[in-house]
Amino acid sequence: MTDIKSPAIPTTEQTAPQVKFADFGLAPEILRALTDQGYVHPTPIQEQAIPVVLQGRDVMGAAQTGTGKTAGFSLPIIQLLLAHASNSASPARHPVRALILTPTRELADQVAENVKAYSRHTPLRSTVVFGGMDMAPQTAILRNGVEIVIATPGRLLDHVQQKTVNLSQVQILVMDEADRMLDMGFLPDLQRIINLLPKKRQNLMFSATFSQEIKKLAASFLTNPQTIEVARSNATADNVTQILYKVSTEEKRDAVSFIIRERGLKQVIVFSNTKIGASRLAVHLVKQGVKASAIHGDKSQQERMAALEAFKQGEVEVLVATDVAARGLDIAELPCVINFDLPYNAEDYVHRIGRTGRAGAKGDAISLHTDQDERLLIDIEKMIKQKIVRLNLAGFVAASVHQPEHRAPRERGEQSDRGGRDRSDRGERSERPARSYQPPKEKVDPWFLKPYEPSSGASSTSNNTTASMASPSNASTPAKPQKRAALLGGFPKA
DNA sequence: AAAAAAT
């Protein structure tokens with residue numbers, strides 16, 4: 001397989017004269033659509049992807065989030081299909097020729113909107129198909145014939161079974177957020193869909209992150225792919241400032257409302273690892289007068305779309321989300337993301353914080369972490385190949401200032417995977433024997449600068465979480481809302 | 001260990 005990537009060479013800055021969309025030989029109808037939107041210059045990923053896709057090559061594309069991947073594959077696909085576009089009204093003349101799969105419904109919707117916009121001056125038809133919505137309208141559109149289908153896997157297979165869609169003419173398959181599409185939860189459906197496609201077709205895979213494992217699996221679906229890598233893979237945008245605050249599990253909810261209030265945040269996504277946790281946090285915030293709403297997979301599709309729309313409109317200021325919102329969603333000018341829980345997968349961290357700092361804008365990614373998260377933190381820092389500054393959150397557990405090895409041995413044996421062992425025993429050192437992990441120096445965020453007041457609450461982490469397995473969702477169960485008013489009162493306003 | 005995706 002041919003590689004464009006070369007870690008040493010900055011692929012973007014190299015191209016001195018600025019390329020324009022008009023240079024790709026795209027049809028006037030496509031250029032007109034771009035002009036409508038005010039786009040003249042392609043982003044680096046677009047500059048690299050468009051010619052390769054136009055050649056008909058398979059692509060494995062890794063690019064930072066918010067860099068315009070969607071247009072990077074949509075524009076050349078439209079161009080390729082346009083060569084044989086039909087003006088006929090007959091559905092038979094409009095077989096599905098391009099299929100774009102995404103891991104969430106909202107992302108499918110968003111990609112479909114983009115495709116519609118880019119193809120609006122062409123005779124090409126497109127539609128989006130996902131679950132949680134009435135089958136009937138989707139069926140009607142599919143029966144009328146569309147060249148481009150954007151879909152989530154389950155509902156697409158449903159349509160296949162109902163014989164409302166025929167995939168035997170698909171020439172181009174796109175997997176957006178490909179690494180997620182290839183994970184265990186999606187793979188069976190994906191395989192089923194692929195079995196319905198012609199053997200000879202063009203395959204495009206895009207994601208911000210590709211683990212080594214997934215890269216191999218991905219390659220098995222591709223033929224002589226061209227790798228397109230803008231900036232180093234698995235990287236986070238450097239325009240996003242990452243911050244870590246240590247808190248106790250009990251303090252998390254109050255820490256979130258504290259941060260929102262003190263920073264005066266009017267647009268922020270707060271990520272929770274669980275659906276129930278997201279719902280509870282949203283309720284908690286609403287009780288505190290915050291305009292918050294939750295989005296997760298246990299909500300109806302109507303509720304999900306309403307929450308996202310209200311958030312985009314600014315009616316909702318805090319969107320509390322599970323990882324349903326971690327990938328791909330493009331929310332204009334989102335200045336801040338908060339990780340209420342640290343994600344279990346380091347990749348998800350990259351995707352989550354990629355919701356902010358899009359299209360070159362600045363963004364803040366604030367993560368709360370507890371004693372139990374140390375392993376996750378190490379994984380994340382390894383993945384993003386940088387250390388995140390650990391800061392102190394005024395008035396909250398300043399045990400933050402101490403790394404685990406400085407702590408007194410635990411009295412209780414609830415951390416069975418760590419009990420009796422020390423850091424050197426925990427994986428990372430044995431994987432990289434040459435360079436041992438150096439925890440970053442803590443700094444105190446001048447914003448939240450406040451003297452540490454030792455309190456009995458600081459050690460409460462290990463006391464309260466008795467039989468609850470210390471999982472984030474359980475831990476926040478009926479715990480009485482701790483009044484933080486006293487601490488907040490004495491805090492300097494910014 | 002959890003979330004997503006068909007009903």
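As the structure is a prediction and not an experimental result, all values here were calculated from the model. Each chain gets a letter, A, B and so on, in the order the sequences are listed, and its residues count up from 1.
Within 4.0 Å (heavy atoms only), A/Gly297 reaches sugar-phosphate atoms of the nucleic acid but no base atom. Nucleic acid contact class of A/Asp348 (heavy atoms, under 4.0 Å, all strands): none. At a threshold of 4.0 angstrom between heavy atoms, the contacts of A/Arg304 are confined to the sugar-phosphate backbone, with no base atom among them.
Look at A/Asp379 and A/Arg375 and you find a salt bridge, because one of the NZ, NE, NH1 or NH2 atoms lies within 4.0 Å of a carboxylate O, short of that distance. Salt bridge annotation for A/Asp330-A/Lys312: absent, with no cationic side-chain nitrogen under 4.0 angstrom from a carboxylate oxygen.
With sequence neighbours left out, A/Lys275 forms a salt bridge (charged side-chain N to carboxylate O under 4.0 Å, His left out) with A/Asp298.
Of the residues near DNA chain B, A/Arg192 and A/Arg180, the one whose nearest nucleotide (by heavy atom distance) lies more toward the 5' end is A/Arg180.
For residues 99-119 of chain A, the salt bridge (Lys or Arg N to Asp or Glu O under 4.0 Å) pairs, not counting sequence neighbours, are A/Glu106-A/Arg304.
For DNA chain B, the contact window with chain A, defined by any atom under 4.0 Å from a protein heavy atom, covers B/dA1 to B/dT7 in 5' to 3' order.
Under the 6.0 Å cut-off for aromatic ring centres, A/Phe206 and A/Phe73 qualify, their centroids lying closer than that.
The neighbour count for A/Glu213 CD, taken as heavy atoms of other residues, nucleotides or ligands under 6.0 Å away, does not exceed 12.
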